[in-house]
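Notes to accompany the following structure.
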Amino acid sequence: MSIADNLLKYKNELDEIAVKLIAVSKYQEPAAVQEAYEAGQRVFGENIVQELVDKQAQLPQDIEWHLIGHLQTNKVKYIAPFISLIQSVDSLKLLLEIDKQAAKNKRVIDCLLQIYIADEDTKFGLGFDEVIELLRSEEFAQLKNVRIVGLMGIASNNAQEKQTLDEFTELKVLFDGIKVSFFRKEESFKEISMGMSGDYKLAIEAGSTMVRVGSSIFGKRKIKHWKEEA
Ligand SMILES: *Cc1c(COP(=O)(O)O)cnc(C)c1O
């Protein structure tokens, strides 16, 4: 199946249940993104800043780019002018820098707080206590140029279905608690980004509003940066 075929299969399935599809194009060549774009996709996720900046410059300007990978504070400035959603906010320090760079660009940047739900040491994210502490902090209350629109999480790799479903369910329960405690009046706090190619069905069962699908749309990822292949 072509990229366009794969994409349409997901789009049709997800549109019907009003779950958003983020096409994860990391390590894929711009031509692959263009093919998905021509099949109607407008939202793409990348996880390396340099790759994102390069693609943003050469692909259609109405693409909504999401950053889904770990973001270093010193790189926020490169994406602040155009990024639609930063899904991987994992510290107050990072959020403060995003606010500063958003202000410089005279805009408000939408963010998700990435929550650590996996049973592994390798994933980034805020712990349950840390996210509450962040939301209660004085510093957070001062921020004017970031808007928190929900939470994001990545389940454990290669786990049993039950564990994956439990991890997603924990994120949904946390989301509901945070919504009531901190964002009751904010309509915009509504996204739970969870689910990838291998586990998106379980994520949707647990209440995902946004899935991030890469390999089952684009095929296997190139091992190196697409630019190094040329
Ligand atoms: C790579 C990646 C995805 C997509 O993974 P697939 O298994 O290729 O669908 C989703 N979310 C994050 C955070 C990723 O880094």
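Order of appearance sets the numbers: ligands from 1, and atoms from 1 within every ligand.
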Self-check item: Nearest protein heavy atom with distance in Å, relative to atom 7 (O) of ligand 1
Solution: Ser215 OG, 3.6 Å
Practice problem: Return yes if some donor-acceptor pair links the side-chain N/O of Ser156 with the main-chain N/O of Asp119 below 3.5 Å, else return no. | Solution: yes
Quiz item: Using 4.0 Å as the upper bound for N to carboxylate O, is an ion pair formed by Lys55 and Glu51?
Solution: yes
Quiz prompt | Ring-ring centroid check Tyr37 Phe44, cutoff 6.0 Å | solution = no
Quiz prompt | Identity and distance of the protein heavy atom lying nearest atom 10 (C) of ligand 1 | solution = Met196 SD, 3.3 Å
Quiz prompt | For Asn47, the ligand 1 atoms whose distance to one of its heavy atoms is below 4.0 Å | solution = 15 (O)
Quiz item: Using 4.0 Å as the upper bound for N to carboxylate O, is an ion pair formed by Glu97 and Lys77?
Solution: no
Quiz item: Which ligand 1 atoms are under 4.0 Å away from a heavy-atom of Gly214?
Solution: 4 (C), 6 (P), 8 (O), 9 (O)
Quiz item: Where is the nearest protein heavy atom to atom 1 (C) of ligand 1: which residue, which atom, and how far?
Solution: Lys26 NZ, 1.5 Å
Quiz item: Salt bridge or not for Asp176 and Lys172, using N-O below 4.0 Å?
Solution: yes
Quiz item: Between Ser88 and Gly69, is there a donor-acceptor pair closer than 3.5 Å when you use the side chain of the first and the backbone of the second?
Solution: yes
Exercise. Salt-bridge test for Arg136 and Glu133: reply yes if a basic N is under 4.0 Å from a carboxylate O, no otherwise.
Key: no
Exercise. Examine the proximity of ligand 1 to Ile68 and report which part, side chain or backbone, both or neither, has a heavy atom under 4.0 Å away.
Key: both
Exercise. List every atom of ligand 1 that sits less than 4.0 Å from any heavy atom of Arg212, numbering the atoms from 1 in the order shown and giving each element.
Key: 4 (C), 9 (O), 10 (C), 11 (N), 12 (C), 13 (C)
Quiz item: Which atoms of ligand 1 sit under 4.0 Å from any heavy atom of Ser197?
Solution: 6 (P), 7 (O), 8 (O), 9 (O)
Quiz item: Going by the atom numbers of ligand 1, which of them fall below 4.0 Å from some non-hydrogen atom of Ile154?
Solution: 13 (C)
Quiz item: Is the shortest side-chain N to carboxylate O distance from Lys144 to Asp99 below 4.0 Å?
Solution: no
Exercise. Could you tell me whether Val213 and ligand 1 have an N or O pair separated by under 3.5 Å?
Key: no
Quiz item: Counting only heavy atoms, which portion of Gln87 has something under 4.0 Å from ligand 1: side chain, backbone, both, or neither?
Solution: neither
